[in-house]
Peer 1: 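Quick one: structure below, then a few questions.
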Amino acid sequence: MAKDLLLEIGTEEIPAKFMPGALKQLAEVAAAKFDDRRITYERIQTFGTPRRLTIFVSQLSERQSDKHSENKGPALKIAFDESGAPTKAAQGFARGQGVDVSQLVTKDGYIFAAVHEAGQPTERLLPELLPEIVTALAFPKSMRWGSLDIRFVRPIRWLVALFGSAVIPFSLAGITAGNTSYGHRFLSKGPVMIESADEYFVKMTDNHVMIDQSLRRQTIRDQVEKLALEQGGTAIIDEDLLDEVVYLVEYPTALCGRFEDKYLALPPEAVITPMREHQRYFPVFSQDGALLPVFITVRNGGPDHIDIVRHGNERVLKARLADARFFFEEDKKIPLAERVSKLKAIVFQEGLGTLFDKVVRMERLAVFIAQRMGVASEELAHIERSAHLAKADLGTGMVFEFTELQGVMGREYAKISGEDPAVADAIFEHYLPRFAGDILPQATAGRMVGIADKLDNIVATFSRGLIPSGSQDPFALRRQALGIVNILINARYHLSLGAMIQEAMDLLGISEPVRRTELLAELQEFFRLRLKNILTDEGMRYDLVDSILAVQTDDVYDSWLRAKALALAGGSASMQTAVQALNRAGNLAKNAPLGTVIDPALFESDVEQALYQAYIKADREITAMVAGENYGGVFQVMADLAVPIDAFFGKVMVMVEVIPVRDNRLALLKAITGLTSQIADLGKIVAG
């Protein structure tokens with residue numbers, strides 16, 4: 001009979017940002033351990049609060065499954081001597097398999113042992129298995145405590161291990177597993193005895209712990225929205241903030257606080273950032289989109305003494321907003337442009353000068369990009385001015401205190417200083433996208449300054465040998481490269497990635513030819529992988545992605561257009577037929593002598609002439625379609641070539657003894673291959 005299994009790891013408070021990954025990992029590790037030991041189950045669920053990681057396995061079988069296997073041993077000529085008696089090799093093999101030598105069987109020139117392993121009781125295996133699950137967990141940061149060797153995210157304070165109502169005895173980190181848990185740190189009255197796994201959730205609820213994080217998330221959302229509605233507004237619930245709050249509390253109670261109206265004179269972001277990033281509060285907006293002097297926070301506890309908690313939160317926020325107001329008023333006294341020279345005192349990266357040096361490079365690189373795009377002179381002036389002022393707010397008191405406001409305050413101070421609104425907006429937009437799923441810059445100046453900023457960061461960091469590897473990317477270069485790729489695609493910019501990298505290297509003073517060549521190759525591959533990630537994340541087949549990216553990735557937007565068109569065409573029967581025909585032509589075309597040109601006078605059949613005319617027509621159409629970015633049409637033209645190619649191979653022997661005729665046919669196939677291979681490497685497409 002199957003039983004439920006409960007394993008609760010009680011700890012000191014775990015950082016909220018670690019929890020989603022830990023719970024996912026806990027389920028994966030447990031599933032692997034159970035599968036490895038042939039223990040079946042109905043469902044694995046993981047739950048987490050700040051003080052516990054819990055795994056609940058529904059209907060875990062009471063015994064392992066039996067194991068039947070036929071294990072291969074040595075060859076017959078080694079296993080038996082000339083008289084047919086088993087050798088030491090056969091005897092040793094049988095002994096290792098736990099069978100008598102007489103039970104060995106022969107098959108296909110080898111001996112085999114049929115092994116039957118009876119499943120053991122699950123309860124006997126769990127004392128070894130459960131500690132393995134706990135110690136297999138990995139965290140971004142772990143710690144040791146006391147004199148113990150074990151590393152875990154936080155010190156372990158208790159362990160609950162129940163299989164049905166049976167306690168699973170094991171010890172870990174100086175703690176012996178039992179059936180004693182603990183409820184809410186302040187609301188629970190003491191230790192909580194869990195008599196059986198199936199009563200765990202009820203017992204935790206009775207002791208003010210909402211175990212299920214999905215229930216806590218929905219409870220918090222409902223409470224926050226209800227309070228905001230009572231204030232005549234709408235709460236802006238940032239999902240990342242909500243996820244964090246979920247893992248900061250075990251028993252959520254939302255409460256509403258207020259701040260003085262005078263702080264609404266600050267830019268909205270200057271109020272929201274201290275609330276959200278520093279205090280984990282949810283801002284509230286009126287129906288017309290104006291920020292209200294209200295915040296909502298979530299308490300880890302019940303409604304008792306809620307006024308005292310509210311007052312404490314209001315006092316903390318007031319101090320934060322007072323600081324913001326002071327910095328804002330002081331910062332306004334100096335025009336933004338006058339702050340640029342102060343960047344000379346701020347180091348950009350070791351060996352790469354100051355932020356002022358970076359700004360000079362950004363200006364020149366942004367202008368280079370703009371000129372390549374042929375922007376008008378007025379817009380070019382906006383781009384240059386935006387790049388010049390882009391980092392000026394890093395020297396302000398507001399951004400020094402609230403670093404999340406970089407770009408945001410630059411925009412505000414630019415407006416206050418009388419800069420053109422397009423310049424002010426570009427100062428903010430050049431940081432976009434700031435994280436996965438963030439908005440992209442929409443104005444030309446913001447896009448081009450943003451590309452220049454990110455590309456300078458990437459090339460400069462690569463030049464120091466600090467290339468991201470594995471999960472290590474301390475300078476967030478992958479995110480920035482993804483940002484550049486997404487900007488190019490979103491803005492439909494046809495820009496040479498290689499040319500921009502070369503210009504960035506010039507501005508950084510990287511002049512040694514071999515180093516430039518190596519760096520260019522590294523960076524092009526780095527961006528190619530980012531584009532590949534984007535395309536595969538959009539659901540495109542890996543072979544179609546490889547087919548496009550094998551040809552060129554220098555023009556990111558053009559590669560994206562080709563990939564999207566091939567994604568639509570690649571699965572069709574006509575395209576599959578064309579791929580086979582064109583690959584066959586390509587395999588033979590490799591034999592074409594260099595410099596051979598097509599001579600129609602050497603054609604000996606109608607199918608040769610028909611294929612040649614199809615090639616001429618396809619060449620003309622593809623050239624026009626590429627110029628018009630009609631890659632869907634290009635792949636249709638390529639698909640149409642399958643019919644004359646198949647007809648050609650059906651009636652013509654290419655490798656004839658008459659050399660001029662053979663070379664002429666090879667030249668025709670080479671021309672067709674060259675026409676299609678400039679679009680995609682069809683050899684990488686897997687036949688459907």
Side-chain angles (χ1 to χ4, degrees), residues 462 467-468 478 481-482 484-486 488-489 493-502 517-572 574-592 594 615 618-619 622-623 625-627 629-642 645 669-688:
F462 264 66
I467 302 173
R478 292 190 184 99
L482 278 170
I484 291 174
V485 172
N486 278 311
L488 293 172
I489 293 171
Y493 284 166
H494 288 290
L495 283 165
S496 168
L497 187 60
M500 292 191 294
I501 292 172
Q502 295 275 15
T517 301
E518 293 173 346
L519 194 55
L520 178 61
E522 290 171 349
L523 288 162
Q524 287 176 322
E525 175 64 11
F526 186 65
F527 277 95
R528 188 190 73 82
L529 291 175
R530 306 288 81 74
L531 177 56
K532 182 175 182 177
N533 289 342
I534 289 173
L535 292 169
T536 52
D537 286 347
E538 291 177 357
M540 188 171 173
R541 275 170 37 193
Y542 77 93
D543 58 321
L544 302 184
V545 174
D546 290 342
S547 172
I548 293 297
L549 300 189
V551 174
Q552 77 92 13
T553 54
D554 190 58
D555 184 337
V556 169
Y557 177 55
D558 186 70
S559 296
W560 183 83
L561 286 174
R562 296 182 188 207
K564 300 301 285 187
L566 183 57
L568 292 174
S572 67
S574 62
M575 194 63 198
Q576 290 290 330
T577 301
V579 167
Q580 296 173 9
L582 289 165
N583 282 336
R584 185 180 180 187
N587 290 333
L588 277 171
K590 296 174 184 176
N591 300 308
L594 292 174
Y615 158 70
D619 187 18
I622 287 176
T623 300
M625 288 174 177
V626 168
E629 300 179 355
N630 178 16
Y631 288 111
V634 168
F635 289 116
Q636 183 57 56
V637 171
M638 291 168 63
D640 293 342
L641 283 170
I645 290 173
L669 295 177
K670 184 177 181 179
I672 293 171
T673 302
L675 178 64
T676 58
S677 64
Q678 65 180 320
I679 306 300
D681 182 352
L682 301 181
K684 293 188 177 296
I685 298 179
V686 178

Peer 1: Could you walk me through whether Q552 and S559 pass the side chain to side chain donor-acceptor pair (under 3.5 Å) check?
Peer 2: CA-CA 7 Å; Q552 77 92 13; S559 296; 3.2 Å; yes
Peer 1: Just how far is it from atom CD1 of I548 to atom CE of M540, taken to the nearest 0.5 Å?
Peer 2: 6.0 Å
Peer 1: Which residues pass the side chain to side chain donor-acceptor pair (under 3.5 Å) test with N587, not counting sequence neighbours?
Peer 2: none
Peer 1: Could you pull out the closest heavy-atom pair between Y615 and L675, with the gap in Å?
Peer 2: CD1-CD2, 4.1 Å
Peer 1: I'd like to check the side chain to side chain donor-acceptor pair (under 3.5 Å) partners of N630; sequence neighbours left out, ordered by chain and number.
Peer 2: none
Peer 1: Measure from the side-chain N and O atoms of N583 to the backbone N and O of V579, and report whether any donor-acceptor pair falls under 3.5 Å.
Peer 2: yes
Peer 1: Would you say that Q524 contacts D554 through its side chain, given a criterion of any heavy-atom pair below 4.5 Å between the two side chains?
Peer 2: yes
Peer 1: Which atom names give the shortest non-hydrogen contact between M638 and L582, and what distance separates them?
Peer 2: O-CD1, 4.0 Å
Peer 1: Could you grab the distance from atom CD1 of I489 to atom CG of L535, nearest 0.5 Å is fine?
Peer 2: 6.5 Å
Peer 1: If you take all heavy atoms of F635 and R562, which pair is closest and at what distance?
Peer 2: CE1-O, 3.6 Å
Peer 1: Looking at T673 and L669, would you say the former's side chain and the latter's main chain have a donor-acceptor pair under 3.5 Å?
Peer 2: yes
Peer 1: Which heavy atom of V551 sits nearest to which heavy atom of S677, and what is that distance?
Peer 2: CG2-O, 3.6 Å
Peer 1: Using the test side-chain contact (heavy atoms from CB on, under 4.5 Å), find all partners of A481 that sit at least two apart in sequence or belong to another chain.
Peer 2: I458, F526, F527, R530
Peer 1: Using 0.5 Å steps for rounding, measure from the CG atom of D546 to the CZ atom of R541.
Peer 2: 11.0 Å
Peer 1: If you round to the nearest 0.5 Å, how far is CD1 of I534 from CG of L529?
Peer 2: 11.5 Å
Peer 1: If you compare all heavy atoms of K684 against all heavy atoms of D543, which two are closest, and at what distance to 0.1 Å?
Peer 2: O-CB, 3.3 Å
Peer 1: Check whether any side-chain heavy atom of Y493 lies under 4.5 Å from a side-chain heavy atom of D555, and answer yes or no.
Peer 2: no
Peer 1: Does the side chain of L594 come within less than 4.5 Å of K670's, by heavy atoms?
Peer 2: yes
Peer 1: Heavy atoms, side chains only, cut-off 4.5 Å: are R478 and N533 in contact?
Peer 2: no
Peer 1: List the atom of A578, the atom of A642, and the distance in Å for their closest heavy-atom pair.
Peer 2: CA-CB, 3.7 Å
Peer 1: From L531 CG over to W560 CH2, what is the distance, rounded to the nearest 0.5 angstrom?
Peer 2: 10.5 Å
Peer 1: Is any side-chain heavy atom of L497 closer than 4.5 Å to a side-chain heavy atom of T553?
Peer 2: no
Peer 1: To the nearest 0.5 Å, tell me how far H494 NE2 sits from Y557 OH.
Peer 2: 5.5 Å
